[in-house]
Amino acid sequence: MPELPEVETVRRELENKIKEKIIKEVTIGKTEKIIQRPAPIKFVAQLKDKKIIGLNRRGKYLIICLDSGERLIIHLGMTGVIIYPYDDKTIQLKGLNSKHNHLSLVFTDHTQLVFNDVRRFGKLYLLSNSEEIESINKLGIEPLEDNFTLEVFKKILNSTKKTKIKSFLMNQTFITGLGNIYANEVLFRANIHPLRSILSLTEEEIERLYQEIKTVLTIAIQCGGSTVADEAFRNTSGEKGSFAEKIQVYARQGEPCKKCGQPIEVIRIEGRSSFICPRCQKL
DNA sequence: AGCAGCTCCTGTACGC
DNA sequence: TGCGTACAGGAGCTGC
C-alpha cells in the first residue's frame, strides 16, 4: 500500500513531468464517492483551465498546487495509482483496468494524467487557498524533516505511554507516513516486538527505533518505493519499485528470519497482520 | 485513553 | 469448473 516513500516517489516523478501544464479537460469516473469535496460538478469545473505550479506531500497525501491558489489533494488509499502519461492500451499491460479510472486530466499539450484505484479507498479533494481539512491538519510530524529529532521523538512517545508501539507507529497523528509494511520493517530492524508498550521501551530501543524509522524510509525512497505480492504500487510510469527486494519481514511468514533463521510468524494487531521473528523480537 | 470491531471495496487465493 | 469465503488494509467510526 502506498505509504510515505511511495507517495514521495510519485511526487518527485510527477513534479518534473507535469509542472507548468495547464488542465484543458477534466473527467471523473462513476464512483463520485471518491471525490470528498467539493461536489463533483464543482470539482470538475474548478479544475478546468488551471495551471499546475508544484507538488507537495504531507504524510501520505499528495498535494498538487494550482496557479489559482487551489490545491488538488490526492490520497492513494490502498490501491490508488497515478499514471502519467496515460495511454489506454498500455495500462492493461501494467495489470490495471481502465474501468477503475476515477479522474482524468487532459492538458493543453494533449497528454493525459489518470488516477486509477481498484478498491476505491482513495480520496480526492479540491481546496481553495484558505480551505483546510481535518484529516491533514491532525497529521503528526514528518519523520524525514529536520525537526524530527531524537528529543522530539521521545517527547511524542511520552505523550502516549500506554500505547502499544505498533499502534503508535501506525497512528498518523503522532508520526505521519508509516503504514503496515514500514511499521513491520522498522520494528523488525530495531528488534522490538509490536505489542511492546511504549512504557516498556529502554533508552537504547528508543534510539534504535528512531534511527530505523529514518533509515527505512530513506532507503525506501531511494528504491522508488516497494511492491509486494498483493500490492499494486506503481510509480507514475507504471513501474514497480525495488524496495520489495529489501523487505525483511513483511509477508514472509514461515520463511527464515534474515537475522537468525527462525521462521517468521504472523499475528494480528488491530485487524492488521504483523510479521515478527519470535527470537529477535521478544515480548 | 486505548483498543476491538466494523465499514468501505475488489481481486485473488483457497477449500470443497 | 465453479461457487462460497477469507483475506489484503488506510482511515473513520462506534462502543466498551
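Proteins get letters first, then strands, A, B, ... in listed order; numbering begins at 1 in each.
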Can you tell me if A:Y250 touches the phosphate of C:dG9, counting only side-chain N or O atoms and a distance under 4.0 Å to OP1 or OP2? yes

Can you build the contact string for nucleotides 11-16 of chain C? Use B for base contact, S for sugar-phosphate-only contact, and - for no protein heavy atom under 4.0 Å. BS----

Between A:N97 (CG) and B:dG11 (P), how many Å, whole number? 7 Å

Quick one: does NZ or CZ of A:K259 land under 6.0 Å from the six-membered ring centre of A:F188, within 45 degrees of the ring axis? yes

Any A:H100 side-chain N or O less than 4.0 Å from OP1/OP2 of B:dC9: no

Which residues satisfy the ring pair (Phe, Tyr, Trp, His ring centres under 6.0 Å) test with A:F115, sequence neighbours excluded? none

Donor-acceptor under 3.5 Å (A:Q211 side chain, A:R208 main chain): no

Tell me, please, which residues at least two apart from A:D109 pass salt bridge (Lys or Arg N to Asp or Glu O under 4.0 Å). A:K21

N or O in side chain of A:T79 less than 4.0 angstrom from C:dG9 OP1/OP2: no

Nearest nucleotide by nearest heavy atom, which residue falls closer to the 5' end of DNA chain B, A:G271 or A:K99? A:G271

Determine yes or no for a side-chain-to-main-chain donor-acceptor pair under 3.5 angstrom, with A:E70 supplying the side chain and A:C65 the backbone. no

Between the side chains of A:Y182 and A:N184, does any donor sit under 3.5 Å from an acceptor? no

Please write out each protein N/O paired with an N/O of nucleotides 5-7 of chain C under 3.5 Å, distance rounded to 0.1 Å.
none

OP1 or OP2 of B:dG2 versus the side-chain N and O atoms of A:K161: is any pair under 4.0 Å? no

Rounding to a whole Å, what distance do you find between A:K162:NZ and B:dC3:P? 10 Å

Parallel, tilted or perpendicular, as decided by the 30° and 60° cut-offs, for the rings of A:F153 and A:Y210: tilted

Quick one: is A:K164 getting a side-chain N or O under 4.0 Å of the B:dG2 phosphate, OP1 or OP2? no

Pairs in or reaching into residues 165-176 of chain A: which pass salt bridge (Lys or Arg N to Asp or Glu O under 4.0 Å), with residues at least two apart or in two chains? none

So which pairs with a foot in residues 40-70 of chain A pass ring-ring contact (aromatic ring centres under 6.0 Å, His included), sequence neighbours left out? A:Y61-A:H75

Measure the distance from CD on A:E3 to P on C:dG10 and round it to the nearest whole Å. 6 Å

